[in-house]
Every structure is written in C-alpha cells, then in structure tokens.
Enquirer: 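Got a structure here, written out as structure tokens. Questions coming.
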Amino acid sequence: MKLRIAPGDLTETVVDAVVNAANSSLLGGGGVDGAIHRRGGSEILAACRRLRETSLPDGLPAGQAVVTTAGKLPARWVIHTVGPVHSPREDRSQTLASCYREALRVAGEIGARSVAFPTISAGVYGWPMDDAVRIAVETVREVAARQESSAPGVEEVVFVPFGADAESAFRAQLST
Ligand code: APR
C-alpha cells in the first residue's frame, strides 16, 4: 500500500473511492461533506437517505464507515465516515483512528484500489491539524503493515490536505 499527498479539492481527486468527513445524519453539511454533495449531485444524498431508511435508522455512529455511489464525482464510490468532535476533556483519538481503519476496511470489501482521505475532524469538528494528521498517517501505516487482513486490494492511499497548514503537516508526518 503506497501513501501519497495530493493537495487540493477532494471532490476532484481521481481515485476509486473518496472518503467523506460526514456527520451522523449522513444528510449533508458544510466543509468537505458539502463539497461532495454539491459536486456529486443528488444521487449521493438519495443513497444516504436510503441507508437512513434501512440499515442506519439512527444515523452513522462516529468512527464507522459506509459506502455509497459517488454520483457525478470522478471517483466511483464515496465512503462516508463520521469523525469525533475534538474535546479538550476526553481523548477521542481512537474514534478518529477508527474512521481511517473502517474506511479502508470498507474500501477492501468493495474492491477499491485507491482511496483518498480529507483530514477528518480537522475542520468544523475542531481537531488540531497536526494531531489529526498524525493520527491519519499512523493509522494508515498500521493498516498497511497488516494489509492482507485489513484492507486487501487497496494499493494506494491519497491524503488530500486543504490549505498550506494541512499540506505541511502531512509532508512533515510522512517524512518521519
Ligand atoms: N477537499 C479537501 N478537503 C477539504 C475540502 C475539500 N473540498 N473542504 C474542506 N476540506 C478540509 C477542511 O479544511 C478540513 O481540513 O477537510 C478537513 C475536514 O473538515 P470538515 O469538512 O469541516 O470536516 P470535519 O472537521 O470532520 O467536520 C465534519 O462538518 O461539514 C460538516 O457535515 C459535516 O457535520 C460534519 C462536520
């Protein structure tokens, strides 16, 4: 499994699956969630609504992941995951790590060979950028180390930092 950085707009990243930093409702929002629904079109929301009417009546819990069509996006799938809201009192790092693990597990299940991640929880959910990036890279490296069992077939993970701070944080973390 190769890891690389592709700064820019996740919705334009040409991979098999893009990961959405969603909220539990799965019914859209701002940030990358808003960009994916705006650019991907109504098919994505329709698929999310069907999930809410069937397998996810209470929404998607933080740390879990679910796949839908990518609609008009260059990608084939959107893997929605819900990051934890950052809390100064409670360590939610494991939930954030779970977003990356579960998204890659789902990617392996659907046969995605390349997966692109935004910096989950580092926007509206307030996670400090450097720590969000550390957790992202460390978790993906752990999955890569036991590749065959946890994300078979995933050959490439692309981190898509949005803005200079995120980009330099990823470059620093990936050079360790
Ligand atoms: N491409 C790549 N990254 C993006 C894009 C984009 N088009 N838009 C925003 N980002 C970056 C942000 O700059 C941040 O670094 O994605 C990271 C995650 O930020 P958010 O999208 O705000 O996601 P998050 O912090 O996980 O908060 C999720 O925000 O949008 C709502 O519905 C969403 O309620 C949920 C919450």
Side-chain angles (χ1 to χ4, degrees), residues 3-42 44-49 51-52 56 58-68 70-75 77-88 90-104 106 114-140 156-174:
L3 279 58
R4 73 180 172 87
I5 298 173
D9 186 333
L10 184 77
T11 64
E12 292 166 5
T13 312
V14 182
V15 286
D16 289 344
V18 292
V19 176
N20 182 21
N23 59 61
S24 291
S25 78
L26 288 179
L27 301 178
V32 76
D33 194 7
I36 284 176
H37 282 281
R38 224 177 4 263
R39 171 102 198 259
S42 58
I44 301 176
L45 188 57
C48 289
R49 285 215 173 98
L51 287 168
R52 290 296 316 275
L56 293 170
D58 301 325
L60 184 67
Q64 295 186 23
V66 72
V67 64
T68 69
K72 298 186 178 66
L73 297 183
W77 293 286
V78 175
I79 295 174
H80 306 263
T81 190
V82 179
V85 177
H86 184 256
S87 161
E90 182 192 341
D91 179 4
R92 297 171 176 168
S93 306
Q94 274 313 311
T95 304
L96 184 52
S98 173
C99 290
Y100 291 92
R101 260 197 299 278
E102 285 300 297
L104 287 172
V106 169
S114 52
V115 182
F117 284 97
T119 321
I120 299 165
S121 289
V124 167
Y125 282 177
W127 207 283
M129 180 59 72
D130 286 350
D131 196 47
V133 168
R134 176 186 61 80
I135 292 170
V137 174
E138 284 180 358
T139 308
V140 173
E156 181 182 53
V157 170
V158 184
F159 293 110
V160 183
F162 203 62
D165 291 354
E167 180 176 348
S168 55
F170 271 106
R171 292 202 186 287
Q173 190 67 36
L174 280 171

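Just so you know, ligand 1 is whichever comes first in the structure, and atom 1 is the first atom listed for that ligand.
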Enquirer: Minimum heavy-atom separation for Ala62 to Gly83, with atom names?
Expert: CB-O, 4.2 Å
Enquirer: Looking only at protein heavy atoms, which one is nearest to atom 21 (O) of ligand 1, and what is the separation?
Expert: Val32 N, 2.8 Å
Enquirer: My understanding is that only one of Leu104, Ile120, Ile135, Thr139 makes a side-chain contact (heavy atoms from CB on, under 4.5 Å) with Cys99; could you say which?
Expert: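 Result: among Leu104, Ile120, Ile135, Thr139, Ile120 is the only option passing the side-chain contact (heavy atoms from CB on, under 4.5 Å) with Cys99.
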Enquirer: Out of Pro84, Gly31, Gly123, Gly83, who gets a non-hydrogen atom closest to atom 19 (O) of ligand 1?
Expert: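 Nearest heavy atom to atom 19 (O) of ligand 1 lies in Gly123.
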Enquirer: Going by the order shown, which atoms of ligand 1 are within less than 4.0 Å of some heavy atom of Asp33?
Expert: 30 (O), 32 (O), 33 (C)
Enquirer: Out of Phe159, Phe162, Phe117, whose heavy atom sits nearest atom 6 (C) of ligand 1?
Expert: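 Looking at heavy atoms only, the winner is Phe162.
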Enquirer: Parallel, tilted or perpendicular: which one describes the rings of Trp127 and His86, with boundaries at 30° and 60°?
Expert: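 It falls in the perpendicular class, over 60°.
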Enquirer: Which residue supplies the protein heavy atom nearest to atom 29 (O) of ligand 1, what is that atom called, and how far is it?
Expert: Val124 CB, 3.4 Å
Enquirer: Where do Asn23 and Gly29 come nearest, in terms of heavy atoms and distance?
Expert: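 Minimum heavy-atom contact is ND2-CA, 4.4 Å.
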Enquirer: Using a 3.5 Å cut-off on N or O atoms only, is Gly34 in polar contact with ligand 1?
Expert: no
Enquirer: Which atoms from ligand 1 have a heavy atom of Leu10 less than 4.0 Å away?
Expert: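 Atoms satisfying the 4.0 Å criterion: 1 (N), 2 (C), 6 (C).
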Enquirer: To the nearest 0.5 angstrom, please state how far the CZ atom of Phe117 sits from the CD1 atom of Ile79.
Expert: 7.0 Å
Enquirer: I'd like to know if the side chain of Arg92 and the backbone of Val85 have a donor-acceptor N/O pair within less than 3.5 Å.
Expert: yes
Enquirer: Ala122: heavy atom below 4.0 Å from ligand 1, yes or no?
Expert: yes
Enquirer: What atoms of ligand 1 come closer than 4.0 angstrom to any heavy atom of Ala35?
Expert: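 Answer, ordered by atom number: 7 (N).
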Enquirer: Run the numbers for me: atoms of ligand 1, each under 4.0 Å from some heavy atom of Ala21, listed by number.
Expert: 23 (O), 26 (O), 28 (C), 33 (C)
Enquirer: Can you list the atoms of ligand 1 that are under 4.0 Å from a heavy atom of Gly8?
Expert: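 So the atoms of ligand 1 that pass are 1 (N), 2 (C).
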Enquirer: Measuring only between side-chain heavy atoms, which start at C-beta, is Val157 closer than 4.5 Å to Tyr100?
Expert: no
Enquirer: Would you please determine whether Thr11 falls within less than 4.0 Å of ligand 1 on a heavy-atom basis?
Expert: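 No, that is not the case, since the closest heavy atom of the residue is not under 4.0 Å from the ligand.
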Enquirer: Can you tell which of Thr68, Thr11, Thr81, Asp33 makes a side-chain hydrogen bond (donor to acceptor under 3.5 Å, both in side chains) with Asn20?
Expert: Asp33
Enquirer: If you take all heavy atoms of Val67 and Leu51, which pair is closest and at what distance?
Expert: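 Closest pair (atom of Val67, atom of Leu51, distance): O-CD1, 4.3 Å.
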Enquirer: Students should be able to answer this: which protein heavy-atom is nearest to atom 17 (C) of ligand 1, and at what distance?
Expert: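 In this structure, atom 17 (C) of ligand 1 has Thr119 O, 3.3 Å as its nearest protein heavy atom.
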Enquirer: Report the nearest protein non-hydrogen atom to atom 15 (O) of ligand 1: residue, atom name, distance rounded to 0.1 Å.
Expert: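 Ranking protein heavy atoms by distance from atom 15 (O) of ligand 1, first comes Met129 CE, 3.8 Å.
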Enquirer: Where the side chain of Arg134 meets the backbone of Gln173, is there a donor-acceptor pair that is under 3.5 Å apart?
Expert: no
Enquirer: Do any nitrogen or oxygen atoms of Ala22 come within less than 3.5 Å of a nitrogen or oxygen of ligand 1?
Expert: no
Enquirer: Would you check if the side chain of Ser121 reaches a backbone N or O of Pro84 as a donor-acceptor pair within less than 3.5 Å?
Expert: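 Confirmed, Ser121 side chain pairs with Pro84 backbone.
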Enquirer: Which ligand 1 atoms, with their elements, are less than 4.0 angstrom from a heavy-atom of Ser121?
Expert: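 Those atoms are 24 (P), 25 (O), 26 (O).
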Enquirer: Please state which option from Gly30, Pro161, Pro7 has its nearest heavy atom closest to atom 31 (C) of ligand 1.
Expert: Gly30
Enquirer: Indicate yes or no: does an N/O atom of Asp9 lie under 3.5 Å from an N/O atom of ligand 1?
Expert: yes
Enquirer: Minimum heavy-atom separation for Glu90 and Ser87, please, with both atom names.
Expert: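 Scanning both residues, the minimum pair turns out to be N-OG, 3.0 Å.
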Enquirer: Measure the distance from atom 16 (O) of ligand 1 to every protein heavy atom, then report the residue, atom name and distance (to 0.1 Å) of the closest one.
Expert: Pro118 CB, 4.1 Å
Enquirer: Looking at ligand 1, does any of its N/O atoms fall within less than 3.5 Å of an N/O of Gly126?
Expert: no
